[in-house]
Participant: 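I have a structure I would like to understand better, so I am pasting it below and will then ask my questions one at a time.
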Amino acid sequence: MDILQHFSLKNHNTFGIEAKAKEFVAVHSVDQLRSVLQENKTKKKFILGGGSNMLLTKDIDALVIHVDLKGKKVIKETEDHVWVESQAGENWHEFVLFTLNLDFGGLENMSLIPGNVGTTPVQNIGAYGTEIKDTFASCEAMNMDTQEMKTFTLSECNFGYRESIFKQELKDQYIITSVVFKLTKRNHAIKTSYGDIIAELANQNVTEPTLKDVSNAVIAIRKSKLPDPKELGNSGSFFKNPIVLKTEFEPIHAKFPEMKFYEVSETEVKVPAGWLIEQSGFKGKRFGDAGIHKNQALVLVNYGNATGQEILAVSRDIQQTVFKKFGIRIEAEVNVI
Ligand code: EPU
């Protein structure tokens with residue numbers, strides 16, 4: 001394994017930001033990962049997966065370890081279920097298609113999400129009514145200090161909305177090396193209740209959708225709303241949808257009765273940040289090479305040569321304007337480095 005110096009990360013982050021790693025190494029097996037950690041004990045380290053959920057605002061003054069472990073296989077089955085394991089470095093969407101081609105159900109609503117499998121549990125990725133936690137069985141991870149492997153079960157991951165133990169108590173302590181999903185072999189729970197999916201299936205005249213139909217509908221919706229990082233640098237939703245206490249929401253809603261919201265618990269509602277940003281006048285705006293996507297205001301984009309600092313400045317402007325107008329704070333979903 002070669003450790004490269006002053007390595008450009010432009011092709012390793014979906015925002016397409018030019019930033020350099022002081023040192024960079026790609027590991028292709030658990031053994032290589034262990035050796036790199038053991039041989040570089042004193043160095044500061046930064047773990048890089050698919051680079052789809054981060055905004056680089058500066059060079060990384062550390063040894064960047066790119067987790068590039070490959071492989072996917074069925075490890076156990078019953079009549080109704082199958083457990084499929086993927087190594088961390090597999091591309092998420094290719095893994096989803098692999099399971100769908102075998103007619104396994106559970107991941108179809110999360111088609112076309114950018115990034116690698118290993119980072120999906122970190123922020124409990126989700127889309128169109130499904131989250132990783134709905135099919136997650138377990139994951140294997142290496143302790144960065146001791147190099148010991150540990151299996152994390154579903155309950156140990158403390159999954160929440162775009163949250164997990166890997167973003168909280170265990171932040172920067174473990175490297176996920178593989179993930180196991182429990183999928184259905186029959187009696188699939190087809191989830192089409194998310195508004196856009198119903199409309200897209202109706203549009204395609206599909207009345208009894210298969211797993212592939214749902215996946216294709218999600219792909220069509222995502223392609224119409226979300227920019228392809230290969231064509232326009234972006235990191236998916238830049239912000240989380242804010243969760244607001246009902247007691248705080250009521251006076252805001254009285255002032256803005258057209259505001260959309262979803263109940264998430266007896267005491268809280270979730271407000272679509274995309275709506276707040278659009279109503280604040282940012283949708284489709286461009287500031288130099290940094291901008292807000294024209295079809296989905298939650299997504300910030302890099303038109304070519306924006307720096308991370310420029311995109312960060314736009315994101316702060318959005319946060320302040322939204323707060324001034326609605327009194328609601330929106331938080332970044334991507335990791336700002
Ligand atoms: N909306 C607007 N203007 C916009 C965008 C959205 O008014 O510019 C309104 C829509 O009309 C709709 C509501 O906001 O009523 C929700 O919009 P949408 O269904 O597009 O979903 P979202 O809440 O904006 C979330 C996820 C996406 C995921 C979609 C679909 C977060 C932060 N984002 O977006 O995830 O694809 O739901 O499930 O939860 C990602 O995390 O990178 C991502 C793309």
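Count residues from 1 along the sequence. Everything numeric here is computed off the predicted structure, so don't read it as measured data. Atoms within a ligand are numbered from 1 in the order they appear, just like the ligands themselves.
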Participant: Applying ring-ring contact (aromatic ring centres under 6.0 Å, His included) between Phe159 and each of Phe136, Phe152, Phe166, report the one that passes.
Facilitator: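 With Phe159 as partner, Phe136, Phe152, Phe166 yield a single ring-ring contact (aromatic ring centres under 6.0 Å, His included), made by Phe136.
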Participant: Below 4.0 angstrom, N of the basic side chain to O of the carboxylate: do Lys240 and Glu333 qualify?
Facilitator: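 Salt bridge absent between Lys240 and Glu333.
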Participant: Check each of Phe261, Tyr262, Phe326, Phe256 against Phe249 using the ring-ring contact (aromatic ring centres under 6.0 Å, His included) test, and report the only one that passes.
Facilitator: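 In the set Phe261, Tyr262, Phe326, Phe256, the residue that makes a ring-ring contact (aromatic ring centres under 6.0 Å, His included) with Phe249 is Phe261.
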Participant: Just going by heavy-atom distances, which of Lys270, Glu331, Arg222 is nearest to atom 36 (O) of ligand 1?
Facilitator: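 Result: the heavy atom closest to atom 36 (O) of ligand 1 is in Arg222.
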Participant: Among protein heavy atoms, which sits nearest to atom 14 (O) of ligand 1, and what does the distance come to when rounded to 0.1 Å?
Facilitator: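 Looking only at protein heavy atoms, the one closest to atom 14 (O) of ligand 1 is Pro272 CB, 3.1 Å.
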Participant: Show the atoms of ligand 1 that are less than 4.0 angstrom away from any heavy atom in Glu278.
Facilitator: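 Under 4.0 Å from Glu278, ligand 1 has these atoms: 2 (C), 3 (N), 4 (C), 7 (O), 8 (O).
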Participant: Apply side chain to side chain donor-acceptor pair (under 3.5 Å) to Glu140 and list each qualifying residue two or more places apart in sequence or on a separate chain.
Facilitator: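 For Glu140 the side chain to side chain donor-acceptor pair (under 3.5 Å) partners, ignoring immediate neighbours, are Thr151.
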Participant: Checking the N or O distance criterion of under 3.5 Å, is ligand 1 in contact with Ser235?
Facilitator: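 No - when backbone and side-chain N and O of Ser235 are compared with those of ligand 1, no distance drops under 3.5 Å.
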Participant: Are the charged groups of Glu79 and Arg186 less than 4.0 angstrom apart, N to O?
Facilitator: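 Salt bridge: yes.
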Participant: How does Gln296 reach ligand 1, if at all, at less than 4.0 Å between non-hydrogen atoms: by side chain, backbone, both, or neither?
Facilitator: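 Both parts.
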Participant: So, Lys246 and Glu263, do they make that salt bridge, N to O below 4.0 Å?
Facilitator: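 Salt bridge flag = yes for Glu263 with Lys246.
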Participant: Considering only NZ, NE, NH1 and NH2 on the basic side and carboxylate oxygens on the acidic side, decide whether Lys285 and Asp317 come within less than 4.0 Å.
Facilitator: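 No salt bridge links Lys285 with Asp317.
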Participant: Look at ligand 1 and say whether Arg162 reaches it with a heavy atom at a distance under 4.0 Å.
Facilitator: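 Per 4.0 Å heavy-atom rule, Arg162 contacts ligand 1.
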Participant: Check Lys43 with Glu23, please: is the shortest side-chain N to carboxylate O separation under 4.0 Å?
Facilitator: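 Salt bridge flag = yes for Lys43 with Glu23.
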Participant: Suppose I only count heavy atoms of Lys260 and a 4.0 Å limit; which atoms of ligand 1 are within that range?
Facilitator: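 In order of number, 11 (O), 15 (O).
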Participant: Parallel, tilted or perpendicular: which describes the rings of His12 and Phe7, with under 30° parallel and over 60° perpendicular?
Facilitator: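 Rings of His12 and Phe7: tilted, as their planes differ by 30° to 60°.
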Participant: Closer than 4.0 Å to some heavy atom of Lys283 - which atoms of ligand 1 meet that?
Facilitator: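 In order of numbering, the contacting atoms are 3 (N), 4 (C), 8 (O).
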Participant: With a 4.0 Å cut-off, would you call Lys150 and Glu156 a salt bridge?
Facilitator: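 So Lys150 pairs with Glu156 through a salt bridge.
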Participant: How close does the nearest protein non-hydrogen atom get to atom 38 (O) of ligand 1, and which residue and atom is it?
Facilitator: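 Going atom by atom, the protein heavy atom closest to atom 38 (O) of ligand 1 ends up being Tyr128 N, 2.5 Å.
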Participant: Under 4.0 Å from a heavy atom of Leu298: which atoms of ligand 1 are those, numbered in the order shown and with their elements?
Facilitator: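 Here the atoms of ligand 1 in question are 24 (O), 32 (C), 33 (N), 34 (O).
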Participant: Which is closest to atom 1 (N) of ligand 1 in terms of heavy atoms, Phe239, Trp275, Phe261?
Facilitator: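 Considering heavy atoms of Phe239, Trp275, Phe261, the nearest to atom 1 (N) of ligand 1 sits in Trp275.
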Participant: Starting from atom 8 (O) of ligand 1, which protein heavy atom do you reach first, and at what distance in Å?
Facilitator: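 Ranked first by proximity to atom 8 (O) of ligand 1 is Ala297 N, 2.8 Å.
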Participant: Any protein heavy atom lying closer than 4.0 Å to atom 17 (O) of ligand 1?
Facilitator: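 False for atom 17 (O) of ligand 1.
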Participant: Can you name the atoms of ligand 1, numbered from 1 with element, that are less than 4.0 Å from a heavy atom of Ala127?
Facilitator: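 Under 4.0 Å from Ala127, ligand 1 has these atoms: 36 (O), 38 (O).
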Participant: For atom 20 (O) of ligand 1, find the nearest protein heavy atom and state the residue, atom name and distance (0.1 Å precision).
Facilitator: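 Nearest neighbour among protein heavy atoms for atom 20 (O) of ligand 1, to 0.1 Å: Lys225 NZ, 3.0 Å.
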Participant: Just distances here: any N/O of Gly236 and N/O of ligand 1 closer than 3.5 Å?
Facilitator: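 Checking ligand 1 against Gly236, no N or O pair falls under 3.5 Å apart.
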Participant: Heavy atoms only: which of Tyr161, Tyr194, Phe238, Tyr262 lies closest to atom 29 (C) of ligand 1?
Facilitator: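 Residue with the shortest heavy-atom distance to the ligand atom: Tyr194.
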Participant: Distance to 0.1 Å, residue and atom name: give those for the protein heavy atom nearest to atom 23 (O) of ligand 1.
Facilitator: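 Nearest protein contact, heavy atoms only, for atom 23 (O) of ligand 1 is Asn241 ND2, 2.8 Å.
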Participant: When you check the gap from the basic side-chain N to the acidic O, do Lys20 and Glu18 get nearer than 4.0 Å?
Facilitator: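 Glu18 and Lys20: salt-bridged.
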Participant: Would you say ligand 1 has an N or O under 3.5 Å from any N or O of Ser237?
Facilitator: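 By distance alone, the answer is yes.
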Participant: Could you tell me whether some N/O pair between Glu333 and ligand 1 is separated by less than 3.5 angstrom?
Facilitator: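 Yes, there is a polar N/O contact under 3.5 Å.
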Participant: With sequence neighbours left out, write down each residue that passes side chain to side chain donor-acceptor pair (under 3.5 Å) with Glu77, or none if nothing qualifies.
Facilitator: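 With neighbours one apart ignored, the set is Lys185.
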